[in-house]
Number of protein chains: 2
Amino acid sequence: MFSVPTRTQYGIRALVHLARAGEAADPAIADLATSAAIAKAESISPKYLEGIMTQLKSKGIVIAERGKGGGYRLARDASAIRMIDIVEALEGEVRPVDCVENSDCCVQGNACMPRKFWIGLKGAIDDYLASKTLKDVIEA
Amino acid sequence: MFSVPTRTQYGIRALVHLARAGEAADPAIADLATSAAIAKAESISPKYLEGIMTQLKSKGIVIAERGKGGGYRLARDASAIRMIDIVEALEGEVRPVDCVENSDCCVQGNACMPRKFWIGLKGAIDDYLASKTLKDVIEA
DNA sequence: CTATATTCCTACTATCTCGATAGGAATACG
DNA sequence: CGTATTCCTATCGAGATAGTAGGAATATAG
């Protein structure tokens with residue numbers, strides 16, 4: 001249960017790759033990597049990863065440099081990228097049931113008795129994801 | 001993200017229904033309900049709920065009485081049924097990524113740097129689900 | 001200006017899961 | 001025996017997911 005799609009797993013691994021590249025002494029030297037290079041290093045389908053990287057870029061997690069010699073780098077320090085930012089960029093907000101935000105669904109039977117329970121679950125997940133940064137992950 | 005299948009939502013609503021039926025003064029009087037009756041009260045597809053109830057029975061969450069006059073009742077008091085018992089009965093163990101239990105997957109690139117992170121997420125979810133009982137839900 | 005390497009965009013396909021349905025067998029009651 | 005119920009198995013359609021394909025846009029190097 002609660003399995004995380006490969007899309008998200010791949011995205012995180014790609015960001016781990018970038019974060020580790022950026023750990024070098026001189027920043028801005030080795031922190032640029034192409035999608036194809038990451039895909040190869042991580043054994044991820046290159047074309048599939050391309051789409052994931054584009055999405056991470058559109059959400060402001062990474063910065064893309066187009067054209068020859070281009071690639072991706074983290075948009076900010078790994079310690080400033082929370083895991084919840086990544087997850088929401090790739091999958092949208094954590095929402096166990098539709099009823100969490102939309103109370104219109106509370107019409108039939110006991111449909112909404114468990115609503116507070118689900119909201120609590122969302123809180124537990126969100127709190128954990130917000131408490132970890134990309135830096136925490138690469139130091140684990 | 002982390003959306004809960006209707007199967008689980010339906011199962012919980014059915015159990016809420018049974019738990020509320022069992023709240024009556026005289027236990028064992030009104031605590032028996034047929035799958036069809038629950039389905040009607042909760043606006044759930046009857047045939048679909050049938051399968052869910054059978055599964056909850058096989059996992060020991062409810063007790064079934066077959067034949068005419070039969071139905072389902074909770075196998076134990078609502079306060080002794082943890083939400084994690086229900087979720088695991090219907091969906092199996094919480095496992096964000098396969099890598100959580102199986103460390104064999106840590107072979108390529110940074111595939112397993114996030115492993116501790118995922119294990120931590122599993123822990124956060126499990127802790128929450130184990131902390132709530134069916135009784136907590138019907139009293140919310 | 002041209003060749004090349006890269007991101008970016010759109011569309012497609014195969015596979016799987018999920019929700020739901022159908023029909024009927026097994027069981028128990030009166 | 002007739003009826004009401006759980007229980008079993010098989011199937012189906014819709015949607016999501018993972019991956020593929022082709023090429024347009026963009027930047028660099030020579």
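Residue numbering restarts at 1 for every chain, and letters A, B, ... go by the order of the sequence lines.
- Taking side-chain N and O atoms only, A/Tyr10 has a distance below 4.0 Å to OP1 or OP2 of D/dG19.
- For A/Glu65, the side chain to side chain donor-acceptor pair (under 3.5 Å) partners at least two apart in sequence or on another chain are A/Arg73.
- Taking atom OH of residue B/Tyr48 and atom P of nucleotide D/dT11, one finds them 19 Å apart after rounding to whole Å.
- In this entry the distance linking CD of A/Gln55 with P of D/dT17 reads 11 Å, nearest Å.
- Under the side chain to side chain donor-acceptor pair (under 3.5 Å) criterion, A/Thr133 pairs with A/Asp136, sequence neighbours left out.
- Spacing between atom CD1 of A/Ile52 and atom P of D/dT20 amounts to 12 Å, rounded to whole angstrom units.
- Atom pair A/Leu32:CG and D/dT28:P shows a separation of 11 Å (rounding to whole Å applied).
- Where A/Ile44 and A/Gly69 meet DNA chain D, the nucleotide closest to each residue was compared, and A/Ile44 sits on the side nearer the 5' end.
- Among residues two or more places apart in sequence or in another chain, the side-chain contact (heavy atoms from CB on, under 4.5 Å) test is passed with B/Ser79 by B/Asp77, B/Lys135.
- Mapping heavy-atom proximity under 4.0 Å, the span of DNA chain C touched by chain A runs 5' to 3' from C/dT4 to C/dC9.
- The ring pair (Phe, Tyr, Trp, His ring centres under 6.0 Å) analysis of residues 121-140 of chain B, with sequence neighbours excluded, yields the pairs A/Phe117-B/Tyr128.
- As a whole-Å value, the separation of B/Lys47 NZ from D/dT11 P is 16 Å.
- Five base pairs at each end of the helix from C/dC1-D/dG30 to C/dG30-D/dC1 define two local axes, and these are offset by 10° (rounded to 10°).
- Listed by chain and residue number, nothing satisfies the side chain to side chain donor-acceptor pair (under 3.5 Å) test with B/Glu139 (two or more places apart in sequence, or in another chain).
- Residues in residues 125-134 of chain B take part in these salt bridge (charged side-chain N to carboxylate O under 4.0 Å, His left out) pairs, two or more places apart or across chains: B/Lys122-B/Asp126.
- Rounded to an integer number of Å, the gap from A/Arg13 CZ to D/dA18 P is 13 Å.
- For residues 49-59 of chain B, the set of pairs meeting the side chain to side chain donor-acceptor pair (under 3.5 Å) definition, not counting sequence neighbours, comprises B/Arg7-B/Gln55.
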Protein and nucleotides 25-27 of chain D: nitrogen or oxygen contacts under 3.5 angstrom:
from, atom 1, to, atom 2, distance (Å)
D/dA25, N3, A/Arg66, NH2, 3.1
D/dA27, N3, A/Lys68, N, 3.3

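- At a threshold of 4.0 angstrom between heavy atoms, the contacts of B/Gly71 are confined to the sugar-phosphate backbone, with no base atom among them.
- At distances below 3.5 Å, not a single donor-acceptor pair connects side-chain atoms of B/Glu88 with backbone N or O atoms of B/Val94.
- Every residue was checked against the side chain to side chain donor-acceptor pair (under 3.5 Å) condition with B/Ser45, not counting sequence neighbours, and none meets it.
- Among the protein residues, A/Glu50 comes within range of the nucleic acid bases, having at least one heavy atom under 4.0 Å from a base atom.
- Taking each heavy atom of A/Ala33 and A/Ile38 in turn, the nearest pair found is CB-CG1, 4.0 Å.
- Under the side-chain contact (heavy atoms from CB on, under 4.5 Å) criterion, A/Arg76 pairs with A/Ala80, A/Ile81, A/Asp85, sequence neighbours left out.
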